[in-house]
Amino acid sequence: MTVALMWEARAVPGRGEDLLAWVRSQTLAERPVRRETFRAPQDRVLVITWWDAAYDAELPELPEPDGELVTRAVHRWRFEPVSEEPER
C-alpha cells in the first residue's frame, strides 16, 4: 500500500526563501519512495512524501520549523490513493 504525507507551512512575510531553504536541508530518518517540494504565494511551502507503508504506519515526518520562521503551526495531512474508477 502507498500512503502520502503532506506537510505545509507559511513563512513569516518575506521569509519564504528561508523556509524553502530550511525544508530542503531537512533529512528524514528513512528515505521515502518519493519526495517533492512546492512553493506558493504568501510564502507557503508544501512537501509531499510517498511511502510504501500502511495508512497508519509510523513514518518519519518533517519537524516544526523555528517559530521565528513561520506564522502558524505546520499543517499535516495523510492520504491514501483511491481508484480512478468509481466503485460499483
Side-chain angles (χ1 to χ4, degrees):
M1 169 176 235
T2 300
V3 62
L5 302 183
M6 292 180 63
W7 179 101
E8 185 265 340
R10 185 171 178 185
V12 170
R15 304 240 6 234
E17 289 300 319
D18 295 333
L19 179 59
L20 184 58
W22 180 89
V23 163
R24 287 176 168 162
S25 73
Q26 300 304 301
T27 58
L28 297 168
E30 297 175 43
R31 187 180 178 113
V33 173
R34 186 167 145 197
R35 175 177 169 166
E36 290 188 86
T37 303
F38 303 85
R39 66 174 154 197
Q42 299 177 327
D43 293 317
R44 290 178 291 152
V45 175
L46 170 71
V47 178
I48 304 173
T49 55
W50 284 263
W51 302 87
D52 185 16
Y55 183 83
D56 58 354
E58 286 190 36
L59 298 168
E61 296 192 45
L62 292 171
E64 292 277 334
D66 179 22
E68 302 286 321
L69 188 56
V70 293
T71 60
R72 57 166 167 74
V74 168
H75 292 170
R76 300 169 193 270
W77 300 277
R78 191 174 280 226
F79 294 91
E80 62 185 344
V82 295
S83 170
E84 293 296 321
E85 300 295 320
E87 292 184 26
R88 297 177 190 218

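Because the structure is predicted, anything quoted here is derived from the model rather than measured.
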Going by heavy atoms in the side chains, are [X] and [Y] under 4.5 Å from each other?
X: W50; Y: P32; value: no
X: V3; Y: L59; value: yes
X: V47; Y: Q26; value: no
X: V70; Y: W22; value: no

Query raised in the report: When you look at CZ of R76, are more than 12 heavy atoms from neighbouring residues, nucleotides or ligands closer to it than 6.0 Å?
Result: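 Above 12, so yes.
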
Report task. Please identify each residue that fulfils side chain to side chain contact (heavy atoms under 4.5 Å, CB included) with A21, with sequence neighbours left out. Result -> none

Once you round to the nearest 0.5 Å, how far does [atom1] of [X] lie from [atom2] of [Y]?
X: L62; Y: T27; atom1: CG; atom2: OG1; result: 9.5 Å
X: R72; Y: R10; atom1: CZ; atom2: CZ; result: 7.0 Å
X: T2; Y: D52; atom1: OG1; atom2: CG; result: 5.5 Å
X: I48; Y: M6; atom1: CD1; atom2: CE; result: 4.5 Å

Within the side chain of [X], is there an N or O that forms a donor-acceptor pair under 3.5 Å with the backbone of [Y]?
X: R44; Y: F38; answer: no
X: D43; Y: G14; answer: yes
X: W7; Y: P63; answer: yes

Requested in this report: Scan for side-chain hydrogen bond (donor to acceptor under 3.5 Å, both in side chains) pairs involving residues 30-40, sequence neighbours excluded, and state none if there are none.
Outcome: E17-R39, R34-E36

Query raised in the report: In terms of hydrophobic clustering (I, L, V, M, F, W, Y; side-chain heavy atoms under 4.5 Å; direct or indirect links), are Y55 and F79 co-clustered?
Result: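 As far as the 4.5 Å side-chain criterion goes, F79 and Y55 are not connected within one cluster.
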
